[in-house]
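Report on the structure given below.
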2 protein chains.
Amino acid sequence: MTDVKTPINPLFLREEELRQGIELLFFAYRDFTAEPDAILAAYGFGRAHHRVIYFVGRNPGMTVSDLLAILRITKQSLSRVLGQLVDEGFITQRPGVHDRRQRLLELTEKGTELERQLTERQRARFARAYREAGAEAVEGFRKVMLGLIDEADRSRFPSRGPGWLRQARVASERPVAGHL
Amino acid sequence: MTDVKTPINPLFLREEELRQGIELLFFAYRDFTAEPDAILAAYGFGRAHHRVIYFVGRNPGMTVSDLLAILRITKQSLSRVLGQLVDEGFITQRPGVHDRRQRLLELTEKGTELERQLTERQRARFARAYREAGAEAVEGFRKVMLGLIDEADRSRFPSRGPGWLRQARVASERPVAGHL
DNA sequence: GTCTTTACGTCAGTCATGTTGACATATATC
DNA sequence: GATATATGTCAACATGACTGACGTAAAGAC
C-alpha cells in the first residue's frame, strides 16, 4: 500500500483536480435536481416546468425572448411547457407596454406558491452547504462557478464590491428584462 | 437610483445569496455540457453516452451496479446506452473474477480516445476557471460543492489533508469498484 | 443439493423534453 | 408600403428517462 517509489507528478495533480471538479459538478447537479423533480411529478410537471417557473418568478415581466436566451432551447420546446403553465393558471401573459408584440410573463398566486415550494428545497440545500463551508468558501465557490460560465452570461451576476447589496436589491425589485 | 431609505435586510441578503447559488449552478451546468454535446452528436450519441464513457474511463473494471448507483437511472435506461457503446466497440465487458455474474466494464482504445476528446473540453473549462479564481477559491468551491452533494456520495471525494495526493493517485490507478 | 437471492439482460409500452422545418399573425421600424 | 421582429403553431422525430414483466446464470444459505 505504501508506495515510496512513486514520485509526485504535478501533471497528475492537475488532472486529478480537474476530474474532481467535473465530478463535483455532476453529483451536485444530480442531487440538486432530484428533490424538486419529485414534487413536480405530483403536478404532472417536469424539470422544464421548474426552470420556467423559477426564472419567471425571479424576473417578473420578462419576455419570451428573455426566457429563451436563458434556457437555450427552441421556442417550440418552450411553447409546450409554457403553454401548459399558462393553461393551468400558474403563469399569466400580458402584452408589452412599449412593444405590444411581446408577452410579458408573470407568476400567478398559484404559480408563486409552487415556485416557493420547489425552490425552498434548493435554497435549503444551499443554505446548509454555505453554512458548513463558511463565508470565505462561498466567495471561492462564486469565483470558480462564474469562471465556468460562458462570458456572455457572467454579467447576470453582479460583482460584489461595496454597495453590492443595494444593487442586488434594486435588481431584484425592478428586474430589467433586457438585462436578462 | 440612490435609495437612502432602504434599510439593509439580512434576510434579503440571505435570499439573494441563495438564489445566486441556484443560478450559478444552472448556468454552469448548462454551459459545461454544451460543448461535449456537440461532439457527441457527430457520433450519434447523447449526454447519457458521455456519462457512461466518463465513469467507465475513470473507473476501469467497474460493474454495471456501480454505474447504476452513480447515474441513478434504471437498468433499462442504462442498457440501451451501454449496449450501443459495447456494440460499436467503445466499451468491453468481461466476467468478474470473484463473481462471474458481474460484467466488468472497460474502455477500448476507441473508447479511450473518445473519452479524451470529450473530457478535454470540460477539463479545459475547469482549468481556466481554477486559474482565474486561484487556489484558495478552488478550496472554497470544493467545500461548497461537497456540501451540496448527498451525504451518501461524499465519500467519493477524499478529503485533502497531507498525503491526499498519494491516496488519490493510488485510487486512480487501482480503483475499488465497491467504493464507487 | 435444493432453495433463494443477486447481477444482469431483455421486451414492450409510455412519457418528458429536446430537435428541425414550415407557415401564420401582429406589430414595429425603415 | 415593405421589411424585420416577437411570438405562436402544426407536424414529425430523437433521446433518455420511466414502469412492469419475465429470463438466465451464478452465488450464497440451509
Side-chain angles (χ1 to χ4, degrees), chain A residues 26 29-30 33-34 36-53 56 61-88 91-105 177-178 180, chain B residues 26 29-30 33-34 36-53 56 61-88 91-105 177-178 180:
Chain A
F26 168 77
Y29 197 78
R30 185 198 66 177
T33 49
D37 282 357
I39 300 172
L40 288 156
Y43 289 80
F45 291 154
R47 200 175 292 178
H49 300 85
H50 186 189
R51 292 197 277 254
V52 170
I53 287 179
V56 171
M62 77 189 305
T63 68
V64 172
S65 294
D66 292 336
L67 197 45
L68 287 173
I70 287 180
L71 300 177
R72 299 226 183 128
I73 59 176
T74 59
K75 61 178 178 176
Q76 295 93 328
S77 292
L78 175 57
S79 171
R80 190 170 28 208
V81 170
L82 182 54
Q84 280 177 276
L85 290 169
V86 170
D87 288 349
E88 300 184 30
I91 287 185
T92 56
Q93 297 175 312
R94 56 177 164 74
V97 183
H98 301 304
D99 185 338
R100 288 183 308 175
R101 292 171 302 180
Q102 296 177 332
R103 309 286 181 92
L104 307 189
L105 306 173
L180 262 182
Chain B
F26 168 77
Y29 197 79
R30 185 198 66 176
T33 49
D37 282 357
I39 300 172
L40 288 156
Y43 290 82
F45 290 154
R47 202 175 291 179
H49 299 86
H50 187 188
R51 293 198 276 254
V52 170
I53 286 178
V56 171
M62 77 188 306
T63 68
V64 173
S65 295
D66 292 336
L67 198 45
L68 287 173
I70 286 181
L71 301 177
R72 297 224 184 131
I73 60 176
T74 59
K75 61 176 178 175
Q76 295 92 326
S77 293
L78 176 58
S79 170
R80 188 171 28 208
V81 170
L82 182 54
Q84 280 178 276
L85 290 170
V86 170
D87 288 350
E88 299 183 31
I91 287 183
T92 56
Q93 297 175 312
R94 56 179 164 75
V97 183
H98 301 303
D99 185 338
R100 285 182 310 174
R101 292 171 303 179
Q102 297 176 332
R103 309 285 180 92
L104 307 188
L105 306 173
L180 262 183

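On a predicted model such as this, the values are computed, not experimentally measured, just so you know. Worth knowing before you read on, the calculation uses all heavy atoms, side chains too, and leaves out hydrogens, waters and symmetry mates. Chain identifiers are assigned alphabetically (A, B, ...) following the order of the sequence lines, protein sequences preceding nucleic acid strands; residue numbering begins at 1 within each chain.
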In whole angstroms, how far is the [atom2] atom of [N] from the [atom1] atom of [X]?
X	N	atom1	atom2	answer
A:His98	D:dA6	NE2	P	15 Å
A:Leu68	D:dT7	CG	P	8 Å
B:Asp37	D:dA14	CG	C1'	14 Å
B:Arg94	D:dA25	CZ	P	22 Å
B:Gln84	D:dA14	CD	P	13 Å
B:Arg103	D:dA27	CZ	P	13 Å
A:Lys75	D:dA6	NZ	C1'	9 Å
B:Arg72	D:dC18	CZ	C1'	17 Å

Considering only heavy atoms from C-beta outward, does the side chain of [X] approach that of [Y] to under 4.5 Å?
X	Y	result
B:Phe26	A:Leu71	yes
A:Glu88	A:Tyr43	no
B:Leu82	B:Leu105	yes

With nearest nucleotides of DNA chain C determined for A:Arg51 and A:Asp99 from heavy-atom distances, which residue corresponds to the more 5′ nucleotide? A:Arg51

[N] base to [X] side chain: any donor-acceptor pair below 3.5 Å?
X	N	answer
B:Gln76	C:dG13	no
A:Arg47	C:dG18	no
B:Arg101	C:dT6	yes

Reported CG-to-NE2 distance for the pair A:Leu40 and A:His49, which is rounded to 0.5 angstrom: 8.5 Å

Under 4.0 Å, counting only non-hydrogen atoms across every strand here, what does A:Gln93 touch: a base, just sugar-phosphate, or nothing? sugar-phosphate

Kindly say if B:Ser79 contacts the phosphate of C:dG9, meaning a side-chain N or O under 4.0 Å from OP1 or OP2.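 Answer is no, no contact under 4.0 Å.
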
Looking only at side-chain N and O atoms, does A:Thr74 come under 4.0 Å of OP1 or OP2 in C:dG18? no

State whether the side chain of A:Arg30 and the backbone N or O of B:Ile70 hold a donor-acceptor pair below 3.5 Å, judged by distance alone.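 The answer is yes, because a donor-acceptor pair under 3.5 Å joins these two groups.
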
State which of [options] makes the closest approach to the side chain of [X].
X	options	value
B:Arg100	D:dA27, C:dC8, D:dA17	D:dA27
B:His49	D:dT7, C:dT27, D:dG16	D:dG16
A:Gln102	C:dT19, D:dT19, D:dA6	D:dA6

